[in-house]
There are 2 protein chains.
Amino acid sequence: MTHSEENYIKAIFHLANAGIEVISTNALAEKMETKPSSVTDMMRRLSEKGLVHYKKYQGVSLTSLGTITALSIIRKHRLWEVFLVEKLGFTWDEVHEIAEQLEHIKSEKLIDKLDELLNFPKFDPHGDPIPGKNGEFMEHDNQLLSQLPIGSAALCVGVKDSSAVFLRFLDKNSIALGNKMKILEKEEFDNSLRILIDEKELHISQQIASNLYVKKIEL
Amino acid sequence: MTHSEENYIKAIFHLANAGIEVISTNALAEKMETKPSSVTDMMRRLSEKGLVHYKKYQGVSLTSLGTITALSIIRKHRLWEVFLVEKLGFTWDEVHEIAEQLEHIKSEKLIDKLDELLNFPKFDPHGDPIPGKNGEFMEHDNQLLSQLPIGSAALCVGVKDSSAVFLRFLDKNSIALGNKMKILEKEEFDNSLRILIDEKELHISQQIASNLYVKKIEL
DNA sequence: ACAAATTTTTAGTTTTGTCTAAATATTTTA
DNA sequence: TAAAATATTTAGACAAAACTAAAAATTTGT
């Protein structure tokens with residue numbers, strides 16, 4: 001498999017996982033930042049290799065082989081992200097770009113050893129689950145901070161948007177995975193929140209709150 | 001730069017470093033396991049980019065930009081090799097292939113952090129020097145074990161041949177970098193050696209002895 | 001339901017890196 | 001030094017992955 005093929009497979013997986021039922025040529029072209037005609041070409045090729053189901057004009061989906069392939073690439077990507085943060089001291093907004101390259105390195109043994117070095121982590125630095133060797137995929141059914149009622153307490157377990165801008169905003173405000181947070185007040189007008197985060201009070205917009213995954217805890 | 005361009009640059013550097021004055025199209029083709037015509041094409045391209053000096057029918061050499069590029073690739077390759085052995089527990093015969101892939105990852109910061117994680121190593125697992133950030137290249141003027149006189153003691157500091165077969169042979173006989181060795185006897189007939197290596201006596205052929213770099217020590 | 005708008009595919013071109021076969025240049029040797 | 005052998009380059013082709021422009025299919029709106 002070429003890097004390009006792997007990137008297409010990954011993109012299809014992510015679109016499907018984002019709840020899109022029919023993945024259109026255009027949607028995939030946009031995700032891949034390429035032209036629809038290039039997508040058509042690639043789908044023909046991936047279809048011939050048995051990685052996707054593809055019928056002209058009818059969208060695309062992964063075969064089971066394609067799904068296994070996608071999970072293995074995502075596993076590599078996320079393990080490398082953990083490595084970059086835990087072992088090399090990168091911040092969580094810097095790792096995606098480098099992991100995009102590292103995920104294409106071919107060596108089963110390398111990934112197994114890396115997994116071991118990192119102590120078999122189950123989540124990457126953004127809180128996304130790391131598929132296991134056999135593709136077991138821990139789907140997190142987390143809530144968004146914006147969905148919690150006033151007064152509830154929760155642990156920050158992930159981010160929905162993992163763009164560098166958002167992550168840097170979180171860093172600046174000392175919001176990190178594992179933080180304990182409590183909702184003190186919700187502003188009716190704009191749905192912004194006053195929260196307590198690790199002893200400190202903070203005011204955050206609705207947009208922020210709806211991009212933070214949390215897990216409710218009892219007090 | 002593409003992976004392929006980087007591989008050509010590296011190959012030219014290694015040939016030049018092996019003492020070959022004029023690097024011919026054929027020699028490079030053989031090293032790269034490709035056809036001479038492909039080499040000619042690539043030389044035209046690398047020449048346009050200012051990485052090599054190239055005149056038709058007259059061989060090729062690296063420009064200073066090309067040399068800097070080669071050193072940076074070799075630095076990455078060797079640092080990754082150290083990582084694979086030291087941190088992931090690979091044996092020294094396994095690392096080359098994986099490092100061939102990892103050396104193409106683009107991120108200055110990644111390499112600096114890796115260097116730091118590994119404690120700024122000066123040699124790779126085969127005893128080859130790791131170029132510094134600015135291309136400082138520690139040329140080792142080591143002797144071959146086969147060149148030492150009888151009775152002398154030395155430390156094993158590197159291998160000349162770093163093929164997997166040779167390295168696995170060394171492993172099997174517990175010969176590793178850092179080992180102290182003493183020459184007990186040289187067989188006149190075939191130049192094989194009886195040596196003492198970390199308390200153990202071993203009989204090795206001339207071919208083995210002339211592929212081990214050593215550094216003489218006083219008793 | 002049919003024209004208009006949109007989406008998707010096809011056809012033809014480009015770039016990179018490779019190849020084979022043929023042509024040309026250089027080196028060797030007798 | 002001229003013919004033979006060898007080395008190198010050129011020319012033309014191919015595959016992968018992209019692009020543009022045009023054609024075809026599908027969906028939408030009235």
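A note on names: the letters A, B, ... follow the listed sequences, proteins ahead of strands, and every chain is numbered from 1.
Within the structure, every side-chain polar atom (N or O) of B:Arg45 is placed at least 4.0 Å from both OP1 and OP2 of C:dT16. OP1 and OP2 of C:dT8 both lie 4.0 Å or more from every side-chain N or O belonging to A:Tyr54. At least one side-chain nitrogen or oxygen of B:Thr40 sits closer than 4.0 Å to the OP1 or OP2 atom of D:dT9. The side chain of B:Lys56 places an N or O atom within less than 4.0 Å of a non-bridging phosphate oxygen (OP1 or OP2) of D:dT10.
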Apply side chain to side chain contact (heavy atoms under 4.5 Å, CB included) to residues A:Ile183 and A:Leu145 and explain how you reach the verdict.
CA-CA 9 Å; A:Ile183 302 189; A:Leu145 179 56; 4.0 Å; yes

The test is side chain to side chain donor-acceptor pair (under 3.5 Å); show your working for B:Asp190 and B:Ser192 and say whether it passes.
CA-CA 5 Å; B:Asp190 63 355; B:Ser192 64; 2.8 Å; yes

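Exactly one of B:Ile175, B:Asp128, B:Asn211, B:Leu170 qualifies for a side chain to side chain contact (heavy atoms under 4.5 Å, CB included) with B:Val159. That residue is B:Leu170.
In B:Lys35, the NZ atom is not crowded: 12 or fewer heavy atoms of neighbouring residues, nucleotides or ligands sit closer than 6.0 Å. Within 6.0 Å of atom CD in B:Glu97, 12 or fewer heavy atoms from other residues, nucleotides or ligands are found, so the atom counts as exposed in its surroundings. Within a 6.0 Å radius of CD in B:Glu33, no more than 12 heavy atoms belonging to other residues, nucleotides or ligands are found.
Within residues 2-16 of chain B, no residue places a heavy atom under 4.0 Å from DNA chain D. For the contact set between residues 26-36 of chain B and DNA chain C, defined by any heavy atom under 4.0 Å, the members are B:Thr34, B:Lys35.
The distance from atom CD of A:Gln58 to atom C1' of D:dT27 is 14 Å, rounded to the nearest whole Å. Protein atom CE of B:Met43 is 12 Å distant from nucleotide atom P of D:dT8, rounded to whole Å. Rounded to a whole Å, the CZ atom of B:Arg44 is 12 Å from the C1' atom of D:dA11. Between B:Asp41 atom CG and D:dA11 atom P there is a gap of 11 Å when expressed in whole angstrom units. Atom pair A:Ile23:CD1 and C:dT8:P shows a separation of 12 Å (rounding to whole Å applied). If you take OH of A:Tyr57 and C1' of C:dT9, they are 5 Å apart, rounded to a whole angstrom. Counting to the nearest Å, the P atom of C:dT16 and the CG atom of B:Leu46 are 12 Å from each other. Remark: P of D:dT8 and CE of B:Met42 are 18 Å apart, rounded to the nearest angstrom.
For a distance-only test at 3.5 Å, the side chain of A:Ser37 qualifies as a donor-acceptor partner of the base of D:dT20.
Taking the six-membered ring for Trp and thresholds of 30 and 60 degrees, B:Phe83 and A:Trp80 have ring planes inclined between 30 and 60 degrees apart.
Inspection of the A:Asp93 and A:Thr91 side chains reveals an N or O donor paired with an N or O acceptor under 3.5 Å.
The pair B:Glu6-B:Lys106 meets the salt-bridge criterion, with a side-chain N (NZ, NE, NH1 or NH2) lying under 4.0 Å from an Asp/Glu carboxylate O.
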